[in-house]
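Sequential numbering from 1 along the given sequence is applied to the chain's residues. Computed from a predicted structure; not experimentally measured.
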Amino acid sequence: MNATNERMKYNYRVCLARVDGRDKKTWLQTVRHITDFEKFTGYKDFQKITQSTIHDYIEKMLIKGTSLSFADHNIKALQKFYEWLSIQRGYRSKMEPNLPRYFQLSASQRKTARAPSYRTSYELDEVRQVIDNMPETTITEQRNKAIVSLQALCGLRISELRTIKMRNFIYDKDTGRHFVYVDPKDMSVKFAKTRQAFIMPFNHEWLDNVLRWQDRLKKLGWGDKDPLFPIIPNQFNQLNILEPNIKKVAIRANNAILKVFREAFTATGLPYYPPHTFRHMIARWAETKSPEIFNAVRQSLGHSNIKTTFESYGAFTPHKIADILNKAETIC
């Protein structure tokens, strides 16, 4: 290890966290990228890196078969680090001019790395089949059914779904609609962006599943600040029999949420896709409606740019494209 490099990495980490407001997950990943580069250089001082070193590092990554997507993230992180480093005292005069600009893939490689991948998602009828098939005898089953139902209705991010509180699920009297108030003060929210994730007009029974669950929690003494989807561990009662014991504690790990979806869909004989693909399902539904509806869904999903919704979420399935072309052929 290099003591000088470690000090600069620490200073950069502090800058990312306190000045740029990056969360821990982001700056940890950045530090990992920088450390990978350090290992390649034999922990040479950052200020002694040359254009040739950067070129060799990129070439080695690609020769090893590193995915272009990962390589692009890695190189961009290093470029930003060296841009910051180039204005630090003791580095401005010792680094090669324009050195940070050499941290980049070729134009075609960048374009390939950043091209959105096609994401398979469920059809609404498949989700309806799964939710109808989910049991609701026990308190755990009722919670799980409410989790899947809410996700199908508004497509939250997994961390948002896990950390939602009672007060975040709201009924607006003026519009007559329910929505999730995605609030970074209460929930784990990407980029800390506040938004209203409205319930889609899909199935009233799905909304009823969530409302019944919320009412049950209220009867158990749940307040506004308590989690909507709490943990329900099994504990031994006085008769030494295991029984569920609900607690006012939010589900701690995303894997626990993923397990709920995996078990629900495989029980119905359907392939398992991550809960995030529900966002794709909602966008693809909206894409078949009016531009006004599509824009409303874009805001509900939390996309600042409608291009994100179109390119990353709204791509038609091959089956849908074929269906559209078949209808066009019939019209002609």
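The main-chain N or O of Asn144 is never found under 3.5 Å from a side-chain atom of Trp213 such that the two would form a donor-acceptor pair. Looking at Arg92, its side chain does come within 3.5 Å of a backbone N or O of Ile87 through a donor-acceptor pair. When atom types are taken as modelled, the side chain of Thr163 and the backbone of Ser159 share a donor-acceptor pair closer than 3.5 angstrom. Panel note: side chain Tyr12, backbone Leu85; no donor-acceptor pair is recorded below 3.5 Å. In terms of modelled atom types and a separation under 3.5 Å, the side chain of Lys94 and the main chain of Gln47 share no donor-acceptor contact.
Atom OH of Tyr102 is surrounded by 12 or fewer heavy atoms from other residues, nucleotides or ligands within 6.0 Å. Within a 6.0 Å radius of CD in Glu292, no more than 12 heavy atoms belonging to other residues, nucleotides or ligands are found. Within 6.0 Å of the CD atom in Glu141, the count of heavy atoms belonging to other residues, nucleotides or ligands exceeds 12. Heavy-atom contacts from other residues, nucleotides or ligands closer than 6.0 Å to CZ of Arg167 number more than 12. Remark: Lys193 NZ is packed, more than 12 non-hydrogen atoms of other residues, nucleotides or ligands lying under 6.0 Å away. A 6.0 Å sphere centred on NZ of Lys248 holds more than 12 heavy atoms belonging to other residues, nucleotides or ligands.
Here the side chains of Arg7 and Thr4 are in contact, with some heavy-atom distance below 4.5 Å. Between Arg195 and Glu160 there is a side-chain heavy-atom pair separated by less than 4.5 Å. Between Val31 and Tyr10, the closest side-chain pair of non-hydrogen atoms is not below 4.5 Å. The shortest distance between side-chain heavy atoms of Asn2 and Thr41 does not fall below 4.5 Å. Proximity of Asp72 to Gln109: side-chain heavy atoms (C-beta onward) are nowhere separated by under 4.5 Å. With contacts defined as side-chain heavy-atom distances shorter than 4.5 Å, the pair Asp226/Leu217 does not qualify. Pro230 has its side chain within reach of Trp222: a pair of non-hydrogen atoms, C-beta onward, lies under 4.5 Å apart. At least one side-chain heavy atom of Ile75 sits less than 4.5 Å from a side-chain heavy atom of Ile58.
Residues Leu301 and Cys154 share a closest heavy-atom pair of CD2-O, 4.2 Å. The two residues Ala286 and Val297 come nearest to each other via the heavy atoms CB-CG2, 3.6 Å. Minimum interatomic distance between Pro227 and Ala250 (heavy atoms only, all atoms of both residues): CG-N, 3.6 Å. Between His303 and Arg298, the closest heavy-atom pair is O-CD, 2.8 Å. When every heavy atom of Asn254 is checked against every heavy atom of Arg162, the shortest pair comes out as OD1-NE, 2.7 Å. Between Ile34 and Leu78, the closest heavy-atom pair is CA-CD2, 3.7 Å.
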Derivation and outcome, side-chain contact (heavy atoms from CB on, under 4.5 Å), residues Phe278 and Val127: CA-CA 9 Å; Phe278 280 48; Val127 175; 4.2 Å; yes
Test log, rule side-chain contact (heavy atoms from CB on, under 4.5 Å), inputs Phe202 and Ile282: CA-CA 10 Å; Phe202 290 160; Ile282 291 171; 3.9 Å; yes
Evaluation steps, salt bridge (Lys or Arg N to Asp or Glu O under 4.0 Å), between Asp125 and Arg128: CA-CA 5 Å; Asp125 286 342; Arg128 183 177 294 109; 2.7 Å; yes
Worked verdict on Arg279 versus Arg157 for side-chain contact (heavy atoms from CB on, under 4.5 Å): CA-CA 8 Å; Arg279 295 167 61 81; Arg157 294 185 174 92; 3.4 Å; yes
Derivation of the side-chain contact (heavy atoms from CB on, under 4.5 Å) call for Val14 and Trp27: CA-CA 9 Å; Val14 172; Trp27 60 252; over 6 Å; no
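Under the 6.0 Å cut-off for aromatic ring centres, Phe103 and Phe81 do not qualify, their centroids lying 6.0 Å or more apart.
Here the CD atom belonging to Gln51 is positioned 8.5 Å from the CG atom belonging to Asn98, to the nearest 0.5 angstrom. For the atom pair Gln196 CD and Ile170 CD1, the distance stands at 7.5 Å (nearest 0.5 Å). Here the CG-CG distance, from Asn203 to Asp132, works out to 7.0 Å after rounding to the nearest 0.5 Å. One finds the CG atom of Leu62 at 10.0 Å from the OG atom of Ser67 (value rounded to the nearest 0.5 Å). Remark: Ile231 CD1 to Thr140 OG1 distance equals 11.0 Å, nearest 0.5 Å. Distance check, rounded to the nearest 0.5 Å: NE2 of His73 to OG1 of Thr66 gives 13.5 Å.
Follow the hydrophobic side-chain contacts under 4.5 Å out from Phe70 and you never reach Leu105; the two are in separate clusters. Note on Tyr43 and Tyr82: separate hydrophobic clusters, where clusters join Ile, Leu, Val, Met, Phe, Trp and Tyr whose side-chain heavy atoms are under 4.5 Å apart, directly or indirectly. Val148 is connected to Leu258 through a chain of hydrophobic side-chain contacts under 4.5 Å among Ile, Leu, Val, Met, Phe, Trp and Tyr, so both are in one cluster. Val130 and Leu207 fall within a single hydrophobic cluster, where Ile, Leu, Val, Met, Phe, Trp and Tyr are joined by side-chain heavy atoms under 4.5 Å apart, directly or via other members. Connection of Leu270 to Ile147 is established within a shared hydrophobic cluster, with ILVMFWY side chains joined at heavy-atom distances below 4.5 Å, either directly or through further cluster members.
Taking the six-membered ring for Trp and thresholds of 30 and 60 degrees, Phe261 and Phe265 have nearly parallel ring planes, at less than 30 degrees apart.
Among Lys9, Lys44, Lys48, the single residue meeting the salt bridge (charged side-chain N to carboxylate O under 4.0 Å, His left out) criterion with Glu38 is Lys9. With respect to Gln142, the side chain to side chain donor-acceptor pair (under 3.5 Å) criterion is satisfied by exactly one of Glu136, Arg212, Arg216: Arg216.
Every pair passing ring-ring contact (aromatic ring centres under 6.0 Å, His included) that includes a residue from residues 124-176 is listed here, sequence neighbours excluded: Phe169-His178, Tyr171-His178.
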